[in-house]
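No hydrogens, no waters, no symmetry mates; every other heavy atom, side chains included, goes into these values. In the text below, chain A, chain B and the rest are named by the order of the sequence lines, each starting its count at 1.
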There are 2 protein chains.
Amino acid sequence: MQNATHVVVVDDHTDIRDLVRQYLEQQGYKVSVAESGSSLRRILERQTVDLIILDIMMPGEDGISLCRRIRASEDIPIIFLTAMAEETDRIVGLELGADDYLVKPFNPRELLARIRAVLRRATAPAALRAMHERRTVRIGHWRVNLGRQEICGEDGVGIPLSTAEFRLLKVFIERPGLVLSREQLLDLTVGRTADIFDRSIDNQVSRLRKKIEENPKNPSIIKTHWGGGYSLCAEVAFE
Amino acid sequence: MQNATHVVVVDDHTDIRDLVRQYLEQQGYKVSVAESGSSLRRILERQTVDLIILDIMMPGEDGISLCRRIRASEDIPIIFLTAMAEETDRIVGLELGADDYLVKPFNPRELLARIRAVLRRATAPAALRAMHERRTVRIGHWRVNLGRQEICGEDGVGIPLSTAEFRLLKVFIERPGLVLSREQLLDLTVGRTADIFDRSIDNQVSRLRKKIEENPKNPSIIKTHWGGGYSLCAEVAFE
DNA sequence: GACACTTCGTTACAATTTGGTACCAGTGCG
DNA sequence: CGCACTGGTACCAAATTGTAACGAAGTGTC
């Protein structure tokens with residue numbers, strides 16, 4: 001996995017910079033440091049940056065206005081570091097477009113967790129957007145046409161899916177690999193809450209499998225997790 | 001749209017639970033209640049949860065350690081309810097990953113405001129968050145994928161675990177190194193109380209070991225404590 | 001160390017739970 | 001009305017889990 005996530009730490013305290021840098025590098029991130037707004041800008045000019053960790057209190061241009069400037073031109077997630085737990089400051093930061101904040105002194109693990117959360121939130125919708133724009137998804141050797149609710153094999157022949165089947169497939173595609181309980185599936189497909197003896201999801205899965213699995217007895221696309229639910233096990237590619 | 005925001009209220013006081021439930025349902029949220037950690041866990045297993053409201057003081061497992069456990073394996077926003085305005089407790093809670101806290105007795109409107117704030121920050125609803133879900137734990141040389149209910153070796157080949165096996169492993173992962181008695185394990189995995197001659201946990205451990213231990217005779221992951229129970233002895237890293 | 005006693009690991013098997021799907025009935029739509 | 005779709009039911013198959021049993025291993029006493 002080259003192209004490691006690139007994080008820039010902006011803080012005028014050497015010790016904090018180094019602490020964060022060391023910890024994140026250890027976790028496989030690519031880390032750059034900057035001690036002021038101008039050095040940050042130099043980095044942004046030349047490199048692709050995935051996330052900025054920004055001390056809110058800095059000499060010269062402070063973090064808040066720096067944040068505003070970044071937001072004005074780029075769309076890079078920002079996590080604030082702040083020494084103040086004051087609610088007003090947090091709110092100002094968040095309203096300026098910071099994605100999260102962390103009060104010093106912080107637990108490195110919490111920093112890591114928040115970095116992950118922010119990156120996930122930043123990337124997930126983008127992927128979804130791409131999916132809906134392109135209107136097709138490749139899954140296993142099928143090409144799913146989201147607009148026409150049908151799937152095409154290699155030969156280009158389309159098999160129409162019923163609305164329920166298609167909804168189900170879409171739920172899986174949006175959560176590749178995740179194990180989803182029947183309850184969740186029912187909620188996600190039709191917004192209904194299940195009673196215990198509800199087998200409609202089983203039925204839908206069975207019907208869907210009959211259409212898309214080579215061998216329904218030995219499914220290669222929708223996997224059953226005994227006592228748990230179902231999951232999509234085929235490779236999903238957003239084209 | 002269907003899929004209303006799903007909030008779980010965890011409190012052992014019926015009145016507070018019902019107050020919050022009633023208020024939030026009125027506001028269009030989907031609300032579940034739990035009166036203890038184990039019932040919360042059961043909900044988390046089967047349903048998609050967007051936010052947890054957690055009383056910090058509860059009999060049995062208290063909110064703080066419960067929070068730590070949730071944070072270890074899930075990434076769901078948490079709001080603490082606390083009777084104490086003590087700063088230390090608040091800080092402990094926040095450092096453990098709680099997103100906000102509320103001091104009892106509280107104004108329902110304030111609760112609502114905080115819920116909105118927390119959810120705004122966790123911009124992607126739970127359904128979308130799942131999209132790029134990569135919650136994994138490294139344990140020994142295994143990579144445990146929490147979302148997919150499976151473990152992968154170095155070669156990336158996944159070994160499926162049964163739900164009971166997975167639940168057991170998860171209980172251990174959430175309490176690395178802790179020695180857990182059979183009784184505790186039974187309670188934590190299936191919420192059952194053990195009678196003396198219950199050997200089901202031994203069996204589960206045996207079956208799990210057969211899957212994940214190099215050499216089941218000389219276990220390097222799940223250790224037996226004679227007369228005490230079992231513990232996870234391998235290194236656990238949350239990625 | 002020999003012994004009795006307890007706890008643990010594992011196997012085999014039975015009981016139970018859960019999943020798959022054929023079939024039927026109700027629904028909505030043209 | 002005919003048609004396709006969907007959910008419910010029933011039945012069977014498959015997987016999992018608990019129990020019992022037995023031998024192995026640990027613990028304490030003499």
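- Shown for residues 161-179 of chain B: residues whose heavy atoms fall under 4.0 angstrom of DNA chain D, namely Ser162(B), Thr163(B), Ala164(B).
- Under the rule for a side chain to side chain donor-acceptor pair (under 3.5 Å), Asp50(A) has no partner lying at least two apart in sequence or in another chain.
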Seminar exercise, completed: For nucleotides 20-30 of chain D, 5' to 3', base contacts (B), sugar-phosphate-only contacts (S) and non-contacts (-) with protein non-hydrogen atoms under 4.0 Å give BB----BS---
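- Note: CD1 (Ile201(B)) to P (dG9(C)) measures 12 Å, nearest angstrom.
- No salt bridge links Asp198(B) with Arg182(B); every basic N to acidic carboxylate O contact stays at or beyond 4.0 Å.
- Arg42(B) meets the side-chain contact (heavy atoms from CB on, under 4.5 Å) test with Ser38(B); sequence neighbours excluded.
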For this session: Could you walk me through whether His141(A) and Glu214(A) pass the side-chain hydrogen bond (donor to acceptor under 3.5 Å, both in side chains) test, one step at a time?
Result: CA-CA 11 Å; His141(A) 57 74; Glu214(A) 299 277 315; 3.1 Å; yes
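- With respect to the salt-bridge test (charged N to carboxylate O, under 4.0 angstrom), the residues Arg114(B) and Asp100(B) qualify.
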For this session: Give the C-alpha distance, both sets of side-chain angles, the deciding distance and a yes or no for side-chain hydrogen bond (donor to acceptor under 3.5 Å, both in side chains) between Thr224(A) and Arg209(A).
Result: CA-CA 11 Å; Thr224(A) 302; Arg209(A) 272 180 178 159; 2.7 Å; yes
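- With salt bridges taken as basic N to acidic carboxylate O contacts below 4.0 Å, none links Arg41(B) and Glu45(B).
- Listed nucleotides dG9(C), dG7(D), dG19(C) differ in distance to Thr224(A); the shortest reach to its side chain belongs to dG19(C).
- OP1 and OP2 of dA13(D) both lie 4.0 Å or more from every side-chain N or O belonging to Lys217(A).
- At distances below 3.5 Å, at least one donor-acceptor pair connects side-chain atoms of Glu213(B) with backbone N or O atoms of Ile222(B).
- Atom CG in Asp202(A) sits roughly 18 Å away from atom P in dC12(D) (whole-Å rounding).
- Other residues, nucleotides and ligands contribute at most 12 non-hydrogen atoms within 6.0 Å of the CD atom of Gln22(B).
- Closest approach to the Ser200(B) side chain among dG18(D), dG20(C), dG7(D) is made by dG18(D) (side chain taken as heavy atoms from C-beta onward).
- Judged by distance alone with a 3.5 Å cut-off, a donor-acceptor contact links the side chain of Arg207(B) to the base of dG18(D).
- When the P atom of dC8(C) is taken as reference, atom CZ of Arg209(B) falls 11 Å away, rounded to whole Å.
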Identify each donor-acceptor pair in which a side-chain atom of residues 149-165 of chain A lies under 3.5 Å from a protein atom, sequence neighbours left out, and give them as a table.
unit_1	atom_1	unit_2	atom_2	d
Asp155(A)	OD1	Val157(A)	N	3.2
Ser162(A)	OG	Glu165(A)	N	3.3
Ser162(A)	OG	Glu165(A)	OE1	3.4
Glu165(A)	OE1	Ser162(A)	N	2.9
Glu165(A)	OE1	Lys211(A)	NZ	2.9

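- Side chains of Ser231(A) and His225(A): a donor-acceptor N/O pair is present below 3.5 angstrom, by distance only.
- Between its two ends, the helix from dG1(C)-dC30(D) to dG30(C)-dC1(D) turns its axis by 40°, counting five pairs per end and rounding to 10 degrees.
- Look at CD1 on Ile159(A): it is 17 Å from C1' on dA4(D), rounded to the nearest Å.
- Going from atom CG of Leu185(A) over to atom C1' of dG19(C) covers 14 Å, rounded to whole Å.
- Remark: C1' of dA15(D) and NZ of Lys223(A) are 15 Å apart, rounded to the nearest angstrom.
- Taking 4.5 Å as the limit, every side-chain heavy atom of Leu146(B) sits out of range of all side-chain heavy atoms of Thr136(B).
- If you take NZ of Lys210(B) and P of dG9(C), they are 13 Å apart, rounded to a whole angstrom.
- The distance between atom CD of Gln204(A) and atom C1' of dG19(C), rounded to the nearest whole Å, is 16 Å.
- In this model, the phosphate group of dG20(C) is approached by a side-chain N or O of Tyr230(A) to a distance below 4.0 Å at OP1 or OP2.
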